[in-house]
Amino acid sequence: MISLQNIIPNIEQRLPPLVAGETHCFVVQSSIWADFFIEHISMQQSTLVLGTADTVERMQRYTSDLLSNKNLHLAEWKHSRWLRPSSLLRSIAQAAAGSKVIVFNVNYRELSAVEQALCNRTFLLRLKNWASANGKLLIFTLQAEIDNPDLREFLNTSARAFGSLHMIYQGQPNWRWLLQYWFRGYTINRWNWELEEQRLPNGGITFEFVNHDNFASDTRRLGEKAPRFICDAGVDEGEFLPSEWQKIVYETDLRDELPQGSDALVILGISSRDKLLQVAERVFQLRKYFGPYLRIIVRERDESLRLQDERILISSGANLVLPSELGTRRVIGVAETTVGFKFTHTLPDNFADIKTSQIMDDVRGYLAPGMFLDKVLTLEKKAERQALDSVLIRAEPGTGLTAHTLVRRFSSRRPGDIISVLQGQVYLYLYGCRESDVSNVLYMNFGIPSDNLFKNEVRIVKHGQIIDARDGLVEDEHAAPSPVLDIQYSSRGESSVTRKVVEKTAPGVRKADFL
């Protein structure tokens with residue numbers, strides 16, 4: 001077992017240990033990080049590092065302190081003219097006979113023949129099974145830029161071969177450590193850290209978490225006497241405000257009014273979901289500039305936001321999102337209780353990252369089988385990131401109903417509620433839906449009580465199980481593609497619309513993004 005808590009001192013979040021039988025992947029922008037990990041890992045367990053001749057030579061030349069560690073062994077890749085997976089696995093097993101940990105140091109900028117064989121999904125799964133059976137801990141350090149298209153294609157197809165996936169790169173102004181996922185059974189952990197590089201007296205390098213408290217050390221926080229602002233969209237025209245509150249127009253540049261590190265209070269208003277991205281970006285800009293102590297509250301006005309919309313605002317830097325049911329006096333009362341609040345989440349480098357990871361496509365209704373499976377994976381990964389529940393339903397139509405009838409009757413009113421027919425059965429995916437709400441959502445979409453819809457059904461509600469079920473369907477579709485329905489689709493309660501779907505062989509399933 002390898003403890004990662006020793007790698008970064010004063011770690012605030014608890015990282016699970018690396019355990020024998022697991023396989024983990026670290027994508028590192030610099031060889032500094034690869035050497036840094038190897039140093040700490042080899043202090044705890046006997047470690048074999050496999051790499052190219054250039055890798056071994058570099059480590060011998062620039063990291064001589066590592067070579068005095070009796071736990072550490074270096075081996076370079078050498079291969080015959082004909083490289084076979086079985087012989088490669090046998091060579092790895094022989095070289096690692098006396099080591100508990102095997103580190104594959106792969107230069108993804110210029111792959112050797114052995115590294116190409118290693119980064120084959122089929123071989124990875126075979127290697128993973130061997131490690132699990134023999135109690136070996138496998139760590140891949142892939143040296144590459146994280147936007148390398150070849151790397152991203154590899155991760156798209158092979159990410160699930162790893163128990164965790166990490167991205168470590170030089171951000172602005174510090175290093176970023178993004179833990180994309182860490183599987184524990186069917187739960188997934190994610191973290192996003194900012195790290196500062198420190199030079200040791202002996203010339204070595206260590207990393208520390210950036211303490212954002214230092215960001216506000218040059219300004220005096222005012223607590224109950226801090227300035228209070230409410231933008232014009234957050235209050236009705238002519239509505240009474242206490243004297244200590246200042247009403248400002250939405251476009252006001254608060255950088256002219258407040259110092260960085262201020263703990264002032266700002267209320268922004270959002271009148272409809274159409275304004276969500278505009279308000280979220282405004283929140284993001286305020287948080288980025290003023291730091292963790294500025295108190296930012298978003299007030300819903302004319303309509304209530306869905307839970308995932310509120311989480312987008314929180315991810316962008318808001319402290320609270322208050323519902324439209326609260327009157328102005330109550331909103332101000334709640335806002336004034338936030339004295340001492342601190343924003344503890346980590347913001348991405350730019351707002352585009354939030355849009356990519358949080359915003360959901362407005363997809364709904366019937367989808368052809370291949371597109372349905374694509375969207376299930378995309379939406380499910382977004383649901384995991386946002387900590388939202390989702391449900392995948394496999395069902396057999398009730399008495400007197402057919403799959404074709406159910407699809408025609410399905411009238412999705414919520415983005416992310418989709419339906420298809422695969423392998424002769426009806427499949428529904430309900431995004432952001434709690435299991436306790438399934439019956440109500442089905443009634444809303446079909447207009448029939450759920451007890452009358454299906455003869456029998458299976459509901460899958462855990463994220464990992466949904467992804468596993470989807471992967472199984474992909475394999476079934478490759479073997480025997482389901483037909484695309486040619487249907488006349490009528491939306492209840494709305495003017496009739498026709499969706500003509502040309503019958504054809506189900507399209508190939510697009511490789512899903514690993515993020």
Is it the case that the side chains of [Y] and [X] hold a donor-acceptor pair, with the cut-off being a distance below 3.5 Å and no angle test?
{"X": "Y429", "Y": "S390", "value": "yes"}
{"X": "E22", "Y": "H24", "value": "yes"}
{"X": "D476", "Y": "Q423", "value": "no"}
{"X": "S271", "Y": "R301", "value": "no"}
{"X": "N319", "Y": "R287", "value": "yes"}
{"X": "Q143", "Y": "N105", "value": "yes"}

- CG-CG distance between L430 and D389, expressed to the nearest 0.5 angstrom: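 So the gap between those two atoms works out to 11.5 Å.
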
- How far does SG of C25 sit from CZ of F104, to the nearest 0.5 angstrom?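 One gets 12.0 Å once the value is rounded to the nearest 0.5 Å.
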
Just by distance, do the side chain of [X] and the backbone of [Y] share a donor-acceptor pair under 3.5 Å?
{"X": "N129", "Y": "L125", "answer": "yes"}
{"X": "N120", "Y": "T122", "answer": "yes"}
{"X": "E145", "Y": "Y169", "answer": "no"}
{"X": "T402", "Y": "T405", "answer": "yes"}

So does [X] have more than 12 non-hydrogen atoms from other groups sitting under 6.0 Å from [atom1]?
{"X": "R459", "atom1": "CZ", "answer": "yes"}
{"X": "E153", "atom1": "CD", "answer": "no"}
{"X": "E396", "atom1": "CD", "answer": "yes"}

Residue pair [X] / [Y]: nearest heavy atoms and the distance that separates them:
{"X": "I314", "Y": "A318", "answer": "CD1-O, 3.3 Å"}
{"X": "N107", "Y": "E115", "answer": "N-OE2, 3.1 Å"}
{"X": "L118", "Y": "L124", "answer": "O-CG, 3.5 Å"}

Just so I know, are the side chains of [X] and [Y] near enough to count as touching, which here means a heavy-atom distance under 4.5 Å?
{"X": "I92", "Y": "I102", "value": "yes"}
{"X": "R470", "Y": "V474", "value": "yes"}
{"X": "L89", "Y": "F123", "value": "yes"}
{"X": "Y427", "Y": "V421", "value": "no"}

- Item | ring pair (Phe, Tyr, Trp, His ring centres under 6.0 Å) partners for Y108, two or more places apart |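 Once residues adjacent in sequence are excluded, the partners of Y108 under the ring pair (Phe, Tyr, Trp, His ring centres under 6.0 Å) criterion are F154.
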
- Item | Criterion side chain to side chain contact (heavy atoms under 4.5 Å, CB included) on L428 and I418, from CA distance to verdict | CA-CA 6 Å; L428 294 111; I418 55 179; over 6 Å; no

- Message: Are F26 and H166 an aromatic pair, judged by ring center distance below 6.0 Å?
- Response: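 Distance test on ring centres: under 6.0 Å, yes.
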
- Message: So that I know where these two stand, are W177 and F36 an aromatic pair - ring centroids less than 6.0 Å apart?
- Response: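 Distance test on ring centres: not under 6.0 Å, no.
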
- Item | side chain to side chain contact (heavy atoms under 4.5 Å, CB included) between V101 and L48, intermediate numbers included | CA-CA 6 Å; V101 182; L48 171 67; over 6 Å; no

- Item | Verdict with reasoning, L401 to F454, per side chain to side chain contact (heavy atoms under 4.5 Å, CB included) | CA-CA 8 Å; L401 297 173; F454 308 128; over 6 Å; no

